[in-house]
Colleague: 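Below is a structure I'd like to ask you about.
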Amino acid sequence: MTSLDLRSHKVQLIGTAIAASLATVTLLISYNTLSKRKRRRHLEEDIKQSIAEYDATGASSRLRTPEDEDDTLSSNYSDAYNEELIREQLARNYAFFSEESMTKIRRSRVVIVGAGGVGSWAAVMLARSGVSEIRIIDFDQVTLSSLNRHATAGLNDVGTKKVKCVEKALKMMCRWVKVEPVDELWTKETGGELLEGADWVIDAIDNIQTKVDLLKYCHDNGVKVFSSMGAGAKCDPTRIQISDISYTVYDPLARSVRRRLRLLGVNSGIPVVYSTEVPGDVKLLPLPEEEFQKGPVKELGAFDDFRVRILPVLGPLPAIFGLNAATYILCDLAEKPIFNPLPIKNRKKLYERMYRDLLHRESKLAGEQLSRLPIDEDDVGLIFDDLYRGRSAVPPHDVPQRPTIVRWDFHKPITIENCVVFEFKDAEKHAKACWSSTGDHVDPDSIWEEAVQETVRRRAAEARRVLNWVM
C-alpha cells in the first residue's frame with residue numbers, strides 16, 4: 001500500500017469518527033430535548049390537575065365560612081422539583097445577578113406582613129425571582145373591592161383568606177417555593193416569633209399603630225425591614241421613590257409613622273417606598289346611613305386605627321409600591337444593594353431656611369424665643385411646593401426670589417391651612433399690617449385684594465382635604 005493510500009485511509013477513518021461523534025451528539029441532544037419536553041408535559045398535566053382539584057373545592061368560596069381551611073393545594077405539591085427546570089425558569093435572573101448571588105437569593109427567607117395590594121405584588125415577584133421561603137401574615141379576606149389591586153385574587157377567591165389566595169398563586173407560578181400562610185393579625189405581644197429567621201421583613205400594613213409596632217420591633221431586634229407608606233389616593237408614578245424613613249417628604253402616612261417612631265427613639269435606618277405626591281380632590285367613600293344609626297362611627301372598625309370608610313386606591317400604585325419593595329430586597333439579598341436612591345426633590349435646605357425664617361418671625365411676634373412650631377420642615381415643603389406650587393399668593397403669582405411663609409390670619413394658630421407663601425417683602429408687609437401686640441389683630445381680607453384672598457381660600461381648601469385624608 002502506498003503512502004498516498006495510507007493517507008487516504010486515515011482521512012476516511014477520521015471522517016468516520018467525526019461523523020459518528022456528530023451522530024452521537026445529535027442523539028444525545030435529541031434525547032435531552034425529548035426528555036425535557038416530557039418532563040414539561042408531565043409538569044403541565046400535574047399543575048392542571050392541581051388547579052382542577054383546588055377549583056373543585058374552592059369554586060363556591062362565597063358559600064364557605066371564614067373558618068373553612070383548604071389543604072388541597074399544599075397536599076398536591078411535592079417538595080421534589082427538577083433543578084434543571086428551576087434554573088430554566090430563573091434563567092434571566094441568573095443572567096442578571098450571577099450564580100453566587102442567585103444562590104444567596106434562593107437560600108433566603110422573607111416574611112411579608114400584609115397580603116393586600118402591596119404585599120401580594122411583593123410576594124409574587126420575590127417568588128418569581130427565586131426566593132424559596134416566604135411567610136405571609138394577614139388576618140383579612142378577599143373582597144370584590146380587592147380585585148382592582150390584588151396581585152393574585154380572582155372572582156373565585158372572594159370570601160377566602162388573602163394568605164391562602166397568595167399561597168395558591170405562588171405555588172402555581174413557582175412550584176419549588178415554600179409558602180407559609182399565617183392567618184392572624186400581627187401584634188407586638190405575640191408576633192416576634194413569626195419574624196424569627198427572616199432575612200427580610202416587608203411591612204405592608206394599613207394600620208398605623210401596628211405598622212409602628214412592627215418597625216420598632218424590627219429596629220430593636222436587628223431584623224431588616226422594608227416599609228411601604230401610603231399608596232392610597234395617589235396616581236403619579238413619577239413621584240414614587242425609595243429612601244430612608246428620615247428623608248421622606250410630603251407623604252402624610254410617612255410623616256405620622258416617622259413622628260411616632262421618633263418618640264420611641266427610632267430616627268432612621270428603615271428603608272421605605274413612598275410618594276411625594278399630595279392627594280388631589282379625592283374623598284373617602286361615604287358610609288351608608290344605617291351605619292351611623294349603629295353608634296359612633298369610629299367604633300364600627302374591627303380594630304382601632306383601621307379606616308371605617310374606604311380609601312380610594314388606583315390599582316397600579318400599590319402594585320408599584322410592592323414591586324419597589326421586592327426589587328430593593330432582591331438586590332440586597334444578592335449583595336448588590338441599591339445605594340443612595342436618587343431623590344425626586346432635593347430642596348431640604350430651602351425648606352429648612354423657610355422654616356427658620358418663620359420661627360424667627362413668630363419668636364419676634366411672641367416676644368420670646370420659640371424652640372419649635374406646630375408645623376415642621378416637611379409641612380413647609382408641602383405648603384410651598386404642593387399647595388402654592390412654588391409661587392407667591394400675590395398676582396401674577398411669580399416664583400419668589402426669596403420665598404417666605406407667614407401666618408395668614410393671626411387670630412388663628414399656625415397650621416398648614418393658615419400659612420401663605422409670599423415674596424419676602426410682601427411677607428414683611430403682611431405681618432406688620434395684620435399683627436397687633438395687644439391681640440387685636442387686623443383681618444387680612446382688609447389688607448389684600450380679592451385675587452389674593454381667593455388664592456388663599458383655594459389653597460386652604462386643598463390643605464383641609466389633605467388633612468382630612470391623612471386623619
Side-chain angles (χ1 to χ4, degrees), residues 39 42-44 46-51 53-54 57-58 69-91 93-94 97 99-116 118-139 150-153 157 160-184 186 191-204 218 223-226 322-323 325-327 329-330 332-334:
R39 288 197 298 271
H42 288 165
L43 175 64
E44 291 170 359
D46 197 10
I47 291 176
K48 288 177 181 178
Q49 180 181 356
S50 298
I51 295 173
E53 291 180 10
Y54 183 86
T57 57
E69 295 295 337
D70 186 3
D71 296 325
T72 304
L73 183 68
S74 57
S75 65
N76 283 334
Y77 285 97
S78 63
D79 292 331
Y81 187 77
N82 186 278
E83 176 65 17
E84 185 180 358
L85 293 180
I86 296 176
R87 295 180 70 88
E88 182 178 347
Q89 186 168 340
L90 298 174
N93 297 76
Y94 272 98
F97 282 122
E99 182 78 26
E100 182 181 357
S101 294
M102 281 302 297
T103 298
K104 294 170 183 175
I105 289 175
R106 290 184 60 184
R107 289 176 178 172
S108 65
R109 185 185 189 196
V110 177
V111 176
I112 303 173
V113 187
V118 175
S120 62
W121 282 97
V124 165
M125 289 315 303
L126 288 173
R128 287 184 181 274
S129 300
V131 174
S132 297
E133 290 191 42
I134 300 175
R135 174 180 286 164
I136 310 167
I137 306 170
D138 201 312
F139 68 95
H150 202 275
T152 65
D157 298 303
T160 64
K161 298 294 185 180
K162 286 183 178 178
V163 291
K164 298 295 288 183
C165 172
V166 176
E167 178 197 21
K168 179 188 71 171
L170 296 190
K171 285 294 187 180
M172 299 300 179
M173 299 171 191
C174 309
R175 192 181 178 103
W176 68 88
V177 176
K178 179 182 178 182
V179 185
E180 182 184 354
V182 179
D183 176 26
E184 62 182 71
W186 191 93
E193 61 184 32
L194 293 174
L195 309 182
E196 291 181 2
D199 295 292
W200 269 97
V201 172
I202 293 180
D203 157 37
C218 291
V223 179
K224 289 185 176 182
V225 60
F226 187 100
L323 298 180
T327 303
I329 289 173
L330 287 167
D332 183 84
L333 291 172

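It should be emphasised that the depicted structure is a prediction, and the values quoted were computed from it without experimental measurement.
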Colleague: Which heavy-atom pair separates His150 from Ala115 by the least distance, and what is that distance?
Modeller: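 Here His150 and Ala115 meet closest at NE2-O, 2.8 Å.
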Colleague: Output the distance between atom CZ (Arg175) and atom CD1 (Ile86), rounded to the nearest 0.5 Å.
Modeller: 10.5 Å
Colleague: Closest heavy-atom contact between Asn93 and Met102?
Modeller: CB-SD, 3.7 Å
Colleague: Of Val111, Ile202, Leu170, which is the lone residue that meets side chain to side chain contact (heavy atoms under 4.5 Å, CB included) with Ile136?
Modeller: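 It is Leu170; the other options fail the test.
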Colleague: I'd like to know if the side chain of Lys162 and the backbone of Phe139 have a donor-acceptor N/O pair within less than 3.5 Å.
Modeller: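 No; judged by distance alone, with no hydrogens or angles, the pair does not exist.
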Colleague: Looking at Ser132 and Gly130, would you say the former's side chain and the latter's main chain have a donor-acceptor pair under 3.5 Å?
Modeller: yes
Colleague: Between Ala334 and Ser101, which heavy-atom pair has the shortest distance, and what is it?
Modeller: O-OG, 3.0 Å
Colleague: I'd like to check Trp176 versus Leu85 (side-chain heavy atoms, cut-off strictly below 4.5 Å). Are they in contact?
Modeller: no
Colleague: Minimum heavy-atom separation for Asp138 to Gly116, with atom names?
Modeller: OD2-N, 4.0 Å
Colleague: Holding to side chain to side chain donor-acceptor pair (under 3.5 Å), I want the full list of residues that pass it with Trp200, two or more places apart in sequence or in another chain.
Modeller: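 For Trp200 the side chain to side chain donor-acceptor pair (under 3.5 Å) partners, ignoring immediate neighbours, are Asp332.
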Colleague: Just grab all the salt bridge (Lys or Arg N to Asp or Glu O under 4.0 Å) pairs involving residues 100-116, residues at least two apart or on different chains.
Modeller: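 Passing the test, one end in residues 100-116: Glu83-Arg106, Glu100-Lys104, Lys104-Glu335, Arg109-Glu133, Arg109-Glu180.
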Colleague: Does the side chain of Leu126 reach to within under 4.5 Å of the side chain of Leu330, using non-hydrogen atoms?
Modeller: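 They are in contact (side-chain heavy atoms under 4.5 Å apart), so the answer is yes.
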Colleague: Ion pair present between Arg87 and Glu99, side-chain N to carboxylate O less than 4.0 angstrom?
Modeller: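 A salt bridge is present here (some side-chain N lies under 4.0 Å from a carboxylate O).
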Colleague: What distance do Trp186 atom CH2 and Leu194 atom CG have between them, rounded to the nearest 0.5 Å?
Modeller: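 Nearest 0.5 Å value for the CH2-CG distance: 8.5 Å.
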Colleague: Quick check for you: to the nearest 0.5 Å, what is the distance between Lys224 atom NZ and Cys218 atom SG?
Modeller: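 Rounded to the nearest 0.5 Å, the NZ-SG separation comes out at 12.5 Å.
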Colleague: Could you state the interatomic distance from NZ (Lys168) to NZ (Lys161), rounded to the nearest 0.5 Å?
Modeller: 15.5 Å
Colleague: Rounded at 0.5 Å granularity, tell me how far CZ in Arg128 sits from CG in Leu90.
Modeller: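 It is 11.0 Å, given to the nearest 0.5 Å.
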Colleague: So, for Cys174 and Gln89, which heavy atoms are closest and what is the spacing to 0.1 Å?
Modeller: SG-NE2, 3.8 Å
Colleague: Would you check if Val124 and Thr152 make a side-chain contact, meaning some heavy-atom pair closer than 4.5 Å?
Modeller: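 Yes, at least one pair of side-chain atoms sits under 4.5 Å.
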Colleague: Looking only at non-hydrogen atoms, find the nearest pair between Ala122 and Ala326 and report the distance.
Modeller: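 Here Ala122 and Ala326 meet closest at O-CB, 3.9 Å.
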